[in-house]
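Fair warning: this is a prediction, and the values are worked out from it, not measured in the lab. What you see below is based on every heavy atom in this structure, not just the backbone, and it leaves out hydrogens, waters and symmetry mates.
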Amino acid sequence: MNYIGVDLGTSAVKLMLMKADGTIVKVVSEEYPVSYPHPGWSEQNPLDWYEAVMKGIKELTADTDKKEIAGIGAGGHMHGLVVLDENDEVIRPCILWNDGRTIEETDYLNNDIGRDKLSKYVGNIAFAGFTAPKILWMKKHERENFDRIKKIMLPKDYINYRLTGVHSTDYSDASGMLLLDVAHKCWSKEMLDICGIDESVMPKLYESYEPVGELKAEIAAELGLEKNVKVVAGAGDNAAAAVGTGTVGEGECNISVGTSGTIFISSGEFRVDSNNVLHAFDHADGKFHLMGCMLSAASCKKWWFEDILKTDDYAGEEGRIGSLGENQVFFLPYLMGERSPHNDPTARGAFIGMSMDTTREEMSLAVLEGIMFGLRDSLEVARGLGLKIERSKICGGGSRGVLSKKLAASIMNLKIDVIENEQGPALGGAMLAAVGCGDYENVEAAAKAIVKVVETIEPDPELVGKYEEKYRKFKSFYPLLKGNF
């Protein structure tokens, strides 16, 4: 049988057709717009996602035996607030994960309710991008819309609802709402009360690989698929990407350099660091994970190369970079604020250390190094919990090319495993569908069978030493500049 994996990203949806053995048949993508109605705000129309997914599935399956398609699984960008009215119509545009409008609400949750209580209720503290602060913002600033809410969903759950008619979510994605008791896998009554919402507006909870329903008859007819195609709950994009890179089981690590950047560490048990710097979430394999998230990763590269240097020749620009470990220019990658470890939506990017002889190549290298330094911040917190992390998979558009992988290995002192098919959340979504339809006993079995490492990049001992010194300098800059943001 064949499976469709959906990667509902911030700027586009990528859809992948996979055979049960992991062979990738076809990949298509469809773009949609992002709206920035005010500085620091970020929104999308959920209808744009749905239309892109439907168009993409039609293109994806145009030249295949549609009767062979057994299941669909999605990974989607997390934390977005999708609200539906009594007719299941979208009330307002989705407030996205990288939206920074909820500074007051985040401060209220962390300081007035208290970090200790939040950690007790849901295992995490509030970050500006999380869903609960957005609900509080909507309650305060859009009371009429708030009063119309009959269902709260996350982005990929809206797609699943349109396909099946079922209001559902999975534990990994729900973990990022600040409404789920992550350790006990249930909605937190305390957090729902704080937000002023009833549990009836929340979707039903599923494991990521569990089917939530089958295609509605009219959807199946429009797509030309069988009505018994199963739709599994899917996962948050990072958990789905982790499945797609085989990051399941105790102590496995994945570095994702997408629009945002993450360090993802799978765990068999629930762990929380003392300062709640890392997110303590449920994993798509039915267990748990720790995750550090920086808000701007590959988006920093895109901004620098395309918006500033006015080029899309990434490989050419990176090919001119030399003298790794010698750069005296630093870049703080906080173009949209920062989540882990600073939890500061007001933080901003900065170049530091430029002189009259600073070159274009040195500034480009500083951007690439700054992304990896930002990710290392979270890795160091995980290491502080006693986790011995010696190697990591890597994925995401921002990690493509030899240079980025070499920097990741030496800046973080990790062996970097490159996998055969780096398809991120789309592959993870298809694998979850294969598990849900019974082709694999569990997610670990699917990962073992499908994910293959084709190359390992070792850290360069000389560069490791040089970057250790540079990382210490990098860490000193944010505290010095914080008061000026």
Side-chain angles (χ1 to χ4, degrees), residues 7 9-12 14 29 31 34 36 42 77 96-98 237-238 241 254-264 292-325 327 329-340 347-354 358-379 392-412 416 418 422-425 457 467 470-471 474 477-478:
D7 174 8
T10 309
S11 57
K14 181 168 75 174
S29 64
E31 295 184 349
V34 182
Y36 304 100
S42 182
H77 51 90
L96 296 180
W97 60 272
N98 57 354
D237 53 0
N238 291 296
N254 180 56
I255 297 168
S256 176
V257 192
T259 302
S260 61
T262 60
I263 292 279
F264 186 109
C293 177
M294 59 186 295
L295 295 182
S296 301
S299 50
C300 290
K301 289 178 67 172
K302 187 177 189 297
W303 165 79
W304 175 246
F305 287 130
E306 297 184 21
D307 295 347
I308 305 303
L309 299 185
K310 305 298 183 184
T311 179
D312 59 3
D313 183 14
Y314 287 38
E317 291 292 333
E318 293 181 17
R320 289 191 286 271
I321 293 173
S323 302
L324 299 187
N327 197 8
V329 181
F330 290 82
F331 174 71
L332 300 189
Y334 310 140
L335 299 182
M336 291 288 292
E338 188 55 301
R339 187 178 295 177
S340 304
R348 290 295 177 263
F351 281 103
I352 299 167
M354 293 179 291
T358 292
T359 66
R360 174 185 181 124
E361 290 75 21
E362 286 171 331
M363 294 184 73
S364 295
L365 178 57
V367 171
L368 302 181
E369 291 171 334
I371 294 168
M372 295 303 168
F373 286 143
L375 287 167
R376 180 172 167 178
D377 279 340
S378 293
L379 180 63
S392 177
K393 309 284 184 26
I394 195 166
C395 68
S399 69
R400 292 184 187 132
V402 175
L403 180 58
S404 290
K405 294 181 177 69
K406 186 173 183 179
L407 287 172
S410 294
I411 286 176
M412 294 184 237
I416 298 296
V418 181
E422 197 274 274
Q423 295 291 344
I457 298 172
Y467 277 121
K470 286 182 66 64
Y471 175 64
F474 173 86
F477 293 133
Y478 171 77

Quick one: does [X]'s side chain get under 4.5 Å of [Y]'s, heavy atoms only?
X	Y	result
S299	M336	no
W303	I308	yes
V34	Y36	yes

Could you go through D377 and Y478, starting from their C-alpha distance and side-chain angles, then the distance that decides it, and tell me whether this counts as side-chain contact (heavy atoms from CB on, under 4.5 Å)? CA-CA 12 Å; D377 279 340; Y478 171 77; over 6 Å; no

[atom1]/[X] to [atom2]/[Y] distance, rounded to the nearest 0.5 angstrom?
X	Y	atom1	atom2	answer
I321	E369	CD1	CD	8.5 Å
I255	K393	CD1	NZ	11.5 Å
Y467	R376	OH	CZ	12.0 Å
I352	L332	CD1	CG	4.5 Å
T359	N327	OG1	CG	7.5 Å
N254	I263	CG	CD1	8.5 Å

Give the minimum heavy-atom separation between [X] and [Y], together with the two atoms involved.
X	Y	value
A297	V257	CB-CG1, 4.0 Å
G292	S340	CA-OG, 3.7 Å
H77	L96	CE1-CD2, 3.5 Å
A241	C395	CB-SG, 4.3 Å
G374	M294	C-SD, 3.9 Å
A347	E338	CB-N, 4.3 Å

Is the backbone N or O of [Y] less than 3.5 Å from a side-chain atom of [X], with the two atoms forming a donor-acceptor pair by type?
X	Y	answer
K14	D7	no
E31	S11	no
R320	E361	no
K470	F373	no

Where at least one partner belongs to residues 395-411, residue pairs that pass side-chain hydrogen bond (donor to acceptor under 3.5 Å, both in side chains), sequence neighbours excluded: none

Run the side-chain contact (heavy atoms from CB on, under 4.5 Å) check on I411 and L375 step by step: do they pass? CA-CA 10 Å; I411 286 176; L375 287 167; over 6 Å; no

Which residue, S260, C293, S296, forms the side-chain contact (heavy atoms from CB on, under 4.5 Å) with R339? C293

Given the options L365, L368, D313, E318 meets side-chain contact (heavy atoms from CB on, under 4.5 Å) only with L368

If you take the centroid of each ring, where Trp contributes its six-membered ring, are Y314 and F305 closer together than 6.0 Å? yes

The ring pair (Phe, Tyr, Trp, His ring centres under 6.0 Å) partners of F351 (sequence neighbours excluded) come to W304, F331

